[in-house]
Enquirer: 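To start, I am sharing the structure in question, which I have written as structure tokens.
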Amino acid sequence: MSEQPPVEILTSNRVKVSNGILTQVHSARACADRSYGCWIHHPRAHALSVAPVHWREDRGIAERICDHGIGHPDPQDAAYNFHELGRDITVHGCDGCCRPFPSWALAPREEDR
Ligand SMILES: [Zn+2]
Ligand SMILES: [Zn+2]
Ligand SMILES: [Zn+2]
């Protein structure tokens, strides 16, 4: 594996993705206790976890680009949007590369904290 990592943390609030550098990124502490982790600080395994990240500025979401150039919503970002922002970003034109979509990504909100 000589490829670049899909996400490169440059400084505490700057992160490099395939199409640029994100600024004003939240701190690693802000996402530490999320059950679904964080695609930046606490990555979890999923079908496209080593695929490049494309930040969609227009929608404010992170997509994973598969080998065929198709953008799929990052499941951890999808979980964040669902649980924290109440929006479902998982609808997309899919060629199947992000399947199976991990069950933890869109599990119902847990009221245990
Ligand atoms: Zn984070
Ligand atoms: Zn594909
Ligand atoms: Zn997909």
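Just so you know, ligand 1 is whichever comes first in the structure, and atom 1 is the first atom listed for that ligand. Values in this document were obtained by computation on a predicted structure and should not be read as measured data.
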Enquirer: With heavy-atom distances below 4.5 Å as the criterion, would you say the side chains of R99 and C94 are in contact?
Expert: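 Contact flag for R99/C94 side chains = yes.
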Enquirer: If I take every N, O or S atom of C66, is at least one of them less than 2.8 Å from the Zn ion (ligand 3)?
Expert: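 Given the 2.8 Å cut-off, C66 does not count as a ligand of the Zn ion (ligand 3).
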Enquirer: Could you tell me whether the side chain of K16 reaches within less than 4.5 Å of the side chain of V7, counting heavy atoms only?
Expert: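 No; the side chains remain at least 4.5 Å from each other.
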Enquirer: Compute the angle centred on the Zn ion (ligand 3) spanning SG of C98 and SG of C94, and express it rounded to 10 degrees.
Expert: 110°
Enquirer: With rounding to 10 degrees, what does the angle C38:SG / the Zn ion (ligand 1) / C31:SG come to?
Expert: 110°
Enquirer: Which atom name would you report as the N, O or S atom of H26 nearest the Zn ion (ligand 1)?
Expert: NE2
Enquirer: Among the N, O or S atoms of D95, which one sits nearest to the Zn ion (ligand 2)?
Expert: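 Nearest to the Zn ion (ligand 2) within D95's N, O and S set: OD2.
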Enquirer: Aromatic rings Y36 and H83: how do their planes relate, parallel, tilted or perpendicular, breaks at 30° and 60°?
Expert: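 Plane angle under 30°, so parallel.
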Enquirer: Write the atom name of the N, O or S atom in H72 that is nearest the Zn ion (ligand 3).
Expert: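 Nearest N/O/S atom: ND1.
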Enquirer: Which N/O/S atom belongs to H41 and is the closest one to the Zn ion (ligand 1)?
Expert: ND1
Enquirer: Would you say that W39 contacts R64 through its side chain, given a criterion of any heavy-atom pair below 4.5 Å between the two side chains?
Expert: yes
Enquirer: Looking at every non-hydrogen atom in both residues, tell me the closest pair between H92 and G71 and how far apart they are.
Expert: CD2-O, 3.7 Å
Enquirer: Which class fits the ring pair H26 and H41: parallel under 30°, tilted 30 to 60°, perpendicular over 60°?
Expert: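 Rings of H26 and H41: perpendicular, over 60°.
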Enquirer: With the Zn ion (ligand 2) at the apex, how many degrees lie between SG of C97 and ND1 of H68, rounded to 10 degrees?
Expert: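 It rounds to 100°.
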